[in-house]
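Structure, as structure tokens:
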Amino acid sequence: MDGQKVYVENGVLVVPDEPIIPFIRGDGTGPEIMESVRAVIDAAVSKAYGGKRRIHWKEILAGEKALKETGELLPKETIDAIKEHYIAIKGPLTTPVGGGYRSLNVTLRQVLDLYANVRPSRYFPGVPSPLKHPEKVNMVVFRENTEDVYAGIEWKMGSEECERVRRFLVEEMGANIPEDSGIGIKPISKFRSQRLVRKAIEYALKKGYHTLTLMHKGNIMKYTEGAFRDWGYELLRNEYSDKVVFEGEGERTEGKVFVNDRIADNMFQQILLRPDEYGVIATTNLNGDYISDALAALVGGLGLAAGANIGDYHALFEPVHGTAPKYAGKNVINPTAGILSGVMMLEYMGWMEAAKLIEDAIVRTFEQKKVTYDLARHLGIEPLSTTEYTQALIDNL
């Protein structure tokens with residue numbers, strides 16, 4: 001196909017003017033969302049660069065469409081394509097609860113070692129919010145993506161494997177575990193914790209955030225969550241001592257990132273009562289899942305929640321929300337989360353001008369009260385369809 005591959009040279013990601021970007025349509029409302037995402041990105045790139053840059057989209061398969069066409073939910077060709085092209089974007093994929101197959105999202109993150117799940121939350125004027133001052137919310141969650149409970153190490157109650165693990169823990173380790181238990185293991189490692197914190201501090205320094213908070217439950221889980229906190233501080237002291245100030249050791253200083261830590265349950269109170277005191281949050285997987293969804297609720301809900309999964313070089317961008325199958329094909333879904341994920345992708349590529357055009361267009365469109373059903377019902381106004389809203393964004397570029 002036309003276009004050139006993104007590549008790495010001398011440790012630097014190089015994005016050509018006409019890169020090939022793989023995309024996955026997704027399940028449920030995913031295809032409608034990705035149609036909007038690509039239309040808005042293409043229009044913004046065209047406007048920003050006057051034809052000197054363009055994206056060559058390459059569809060790759062995962063989920064229900066992949067199963068129908070290849071007999072596999074996640075074909076090897078899809079993983080290979082992302083490895084080969086470094087940057088990709090996707091719609092939501094179905095994740096079953098309880099049984100069935102394992103989450104494709106989790107599998108992609110782990111197979112590609114996309115260890116940082118990055119979820120920004122900022123307020124757009126005119127969007128309904130439960131906060132009195134939602135404009136104070138501007139935070140980015142860096143959530144460890146490969147271990148903690150999402151490592152998926154667990155055994156079903158009553159299975160032979162579960163009983164073997166239970167017996168070992170009871171008889172050899174002195175644990176008290178009832179016989180009718182399912183058992184899961186929560187691994188948290190020093191290397192993976194520190195590379196996540198390194199990614200978070202680098203982002204804070206690059207983007208001008210003034211605070212980095214290590215969020216953990218170390219008061220109870222001292223050797224996993226508590227160790228995450230300790231390893232984070234160790235890395236920051238060893239590698240960034242000239243660029244940070246630690247809470248309790250100095251005051252906030254211009255040009256340096258103020259580093260603190262908060263117990264996970266307290267952090268939920270903090271984002272409600274003192275949102276302007278926080279910027280970048282680095283945390284373990286499950287904590288990051290909870291806090292990023294809570295932050296999304298403060299600024300308009302999951303319909304505005306963008307996400308990225310980033311490794312050393314590879315990156316896969318996706319909206320935080322699920323597939324919403326009951327809305328599929330009805331032309332009512334809000335594609336903004338997917339579009340904002342596209343903004344994150346453009347920023348990762350270094351195409352800042354196109355990214356800024358889209359963000360400004362979203363602000364203008366909301367100010368004009370042109371919104372989809374999920375926001376319109378709170379504002380008491382007539383909603384736009386997905387395609388009408390997409391066109392309004394393009395018109396406002």
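Heads up: numbering here begins at 1 and tracks the sequence.
- E225 has a carboxylate O that lies under 4.0 Å from a charged side-chain N of K186, or vice versa, which qualifies the two as a salt bridge.
- Listed by first and then second residue, the ring-ring contact (aromatic ring centres under 6.0 Å, His included) pairs that reach into residues 228-249 are Y233-F246, sequence neighbours excluded.
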Review point. Which is it for M139 and L295 under the side-chain contact (heavy atoms from CB on, under 4.5 Å) test, yes or no, and what are the steps along the way?
Key: CA-CA 8 Å; M139 294 177 231; L295 280 167; 3.7 Å; yes
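- Using a cut-off of 4.0 Å between Lys/Arg side-chain N and Asp/Glu carboxylate O, K136 and E277 are scored as not salt-bridged.
- Within the 3.5 Å criterion, the main-chain N or O of G307 finds a donor-acceptor partner in the side chain of S341.
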Exercise for review: Applying side-chain contact (heavy atoms from CB on, under 4.5 Å), run through I358 and L397 and close with a yes or a no.
Suggested key: CA-CA 6 Å; I358 297 173; L397 286 170; 4.2 Å; yes
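- Residues Y49 and V343 share a hydrophobic cluster, clusters being chains of Ile/Leu/Val/Met/Phe/Trp/Tyr side chains in contact below 4.5 Å.
- Counted within 6.0 Å of CG on D242, heavy atoms from surrounding residues, nucleotides or ligands total more than 12; the atom is thus considered enclosed.
- Of the possible donor and acceptor atoms, one in the side chain of S159 sits under 3.5 Å from a partner among the backbone N and O of C162.
- Linking Ile, Leu, Val, Met, Phe, Trp and Tyr whenever their side-chain heavy atoms come within less than 4.5 Å puts I21 and V37 in one cluster.
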Check your understanding: K207 and E202: salt bridge (Lys or Arg N to Asp or Glu O under 4.0 Å), yes or no, with the steps?
Key -> CA-CA 8 Å; K207 297 287 189 177; E202 289 285 352; over 6 Å; no
Exercise for review: Determine, stepwise, if the pair E59 / K65 fulfils salt bridge (Lys or Arg N to Asp or Glu O under 4.0 Å).
Suggested key: CA-CA 11 Å; E59 184 175 6; K65 185 175 182 181; 2.8 Å; yes
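- Under 4.0 Å is where a charged nitrogen must lie from a carboxylate oxygen, and between E163 and R166 at least one such pair does.
- In this structure, S129 contributes its side chain and L131 its backbone to a donor-acceptor pair below 3.5 Å.
- The cluster map of Ile, Leu, Val, Met, Phe, Trp and Tyr, joined by side-chain heavy atoms under 4.5 Å apart, puts V165 and M173 in the same cluster.
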Review point. Between V45 and I41, does a side-chain contact (heavy atoms from CB on, under 4.5 Å) hold up when you go through it step by step?
Key: CA-CA 6 Å; V45 168; I41 289 177; 4.1 Å; yes
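- Rounding to the nearest 0.5 angstrom, the gap separating the CD atom in Q110 from the CG atom in N105 is 11.5 Å.
- Ion pairing of D293 with R119 is present here, as a side-chain N (NZ or NE/NH1/NH2) and a carboxylate O approach within less than 4.0 Å.
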**Study point:** Residue pair Y115, N309: steps toward the side-chain hydrogen bond (donor to acceptor under 3.5 Å, both in side chains) verdict
**Key:** CA-CA 7 Å; Y115 54 84; N309 303 287; over 6 Å; no
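- Salt bridge R25/E35: present, at least one basic N to carboxylate O contact under 4.0 Å.
- Salt bridge absent: R364 and D360 never bring a charged side-chain N and a carboxylate O closer than 4.0 Å.
- Placement of W351 and Y203 within a single hydrophobic cluster is found when ILVMFWY residues are connected by side-chain heavy-atom separations under 4.5 Å, directly or transitively.
- S241 contributes no side-chain N or O that, together with a main-chain N or O of N238, makes up a donor-acceptor pair within less than 3.5 Å.
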Exercise for review: Walk me through it: do R195 and D312 pass the test salt bridge (Lys or Arg N to Asp or Glu O under 4.0 Å)?
Suggested key: CA-CA 9 Å; R195 68 178 180 176; D312 289 335; 5.4 Å; no
Exercise for review: Evaluate side-chain contact (heavy atoms from CB on, under 4.5 Å) for V137 paired with R122, printing each intermediate quantity in order.
Suggested key: CA-CA 6 Å; V137 177; R122 58 160 285 195; over 6 Å; no
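- Dense packing is recorded around CZ of R377, with more than 12 heavy atoms of other residues, nucleotides or ligands lying under 6.0 Å away.
- The environment of NZ in K47 is sparse: at most 12 heavy-atom neighbours from other residues, nucleotides or ligands sit within 6.0 Å.
- Proximity of a side-chain donor or acceptor of N334 to a complementary backbone N or O of T372 within less than 3.5 Å is not detected.
- The pair D27-K90 fails the salt-bridge criterion, with no side-chain N (NZ, NE, NH1 or NH2) lying under 4.0 Å from an Asp/Glu carboxylate O.
- The existence of a salt bridge linking R192 and E144 is excluded, since no basic side-chain nitrogen approaches an acidic carboxylate oxygen closer than 4.0 Å.
- A donor-acceptor contact under 3.5 angstrom links the side chains of S189 and E147, judged on distance only.
- Partner of Y389 under the side-chain contact (heavy atoms from CB on, under 4.5 Å) criterion, out of T386, T387, L393: L393 alone.
- In terms of modelled atom types and a separation under 3.5 Å, the side chain of D148 and the main chain of L286 share a donor-acceptor contact.
- Screening Q4, H56, R54, R53 for a side chain to side chain donor-acceptor pair (under 3.5 Å) involving E18 leaves a single residue, H56.
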Practice item. Give the intermediate values and the outcome of side-chain hydrogen bond (donor to acceptor under 3.5 Å, both in side chains) for residues R229 and S193. Key: CA-CA 9 Å; R229 168 194 179 274; S193 295; over 6 Å; no
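- With hydrogens and angles disregarded, a donor-acceptor distance shorter than 3.5 Å links the side chain of E32 to the backbone of G329.
- Comment: D289 engages R143 in a salt bridge, judged by a side-chain N to carboxylate O separation of less than 4.0 angstrom.
- Between the side chains of R252 and T211, at least one donor-acceptor pair of N or O atoms lies under 3.5 Å.
- Heavy-atom contacts from other residues, nucleotides or ligands closer than 6.0 Å to CD of E249 number more than 12.
- Across every non-hydrogen atom of A337 and A305, the tightest pair is CB-O, 3.3 Å.
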Exercise for review: Let me see the working for N260 and T213 under side-chain hydrogen bond (donor to acceptor under 3.5 Å, both in side chains), right down to the final yes or no.
Suggested key: CA-CA 5 Å; N260 56 23; T213 301; 2.7 Å; yes
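- Using a distance-only test at 3.5 Å, with no hydrogens or angles considered, a donor-acceptor pair links the side chain of T70 to the main chain of A66.
- Counting side-chain heavy-atom gaps under 4.5 Å among Ile, Leu, Val, Met, Phe, Trp and Tyr, the cluster of Y7 also holds V14.
- Under the 4.5 Å side-chain heavy-atom criterion for Ile, Leu, Val, Met, Phe, Trp and Tyr, L375 and L302 are members of distinct hydrophobic clusters.
- Checked for salt-bridge contact, D42 and R38 miss the test: no charged N lies under 4.0 Å from a carboxylate O.
- A distance-only check finds no donor-acceptor pair linking the side chain of T365 to the backbone of K370 [under 3.5 Å].
- Under the 6.0 Å distance and 45° angle rule, R262 does not count as a cation-pi partner of F268.
- Identified under the ring-ring contact (aromatic ring centres under 6.0 Å, His included) test for residues 305-334, with sequence neighbours left out: Y86-H314, F317-Y348.
- Under the 3.5 Å distance criterion, with hydrogens and angles disregarded, no donor-acceptor pair is assigned to the side chains of N287 and H216.
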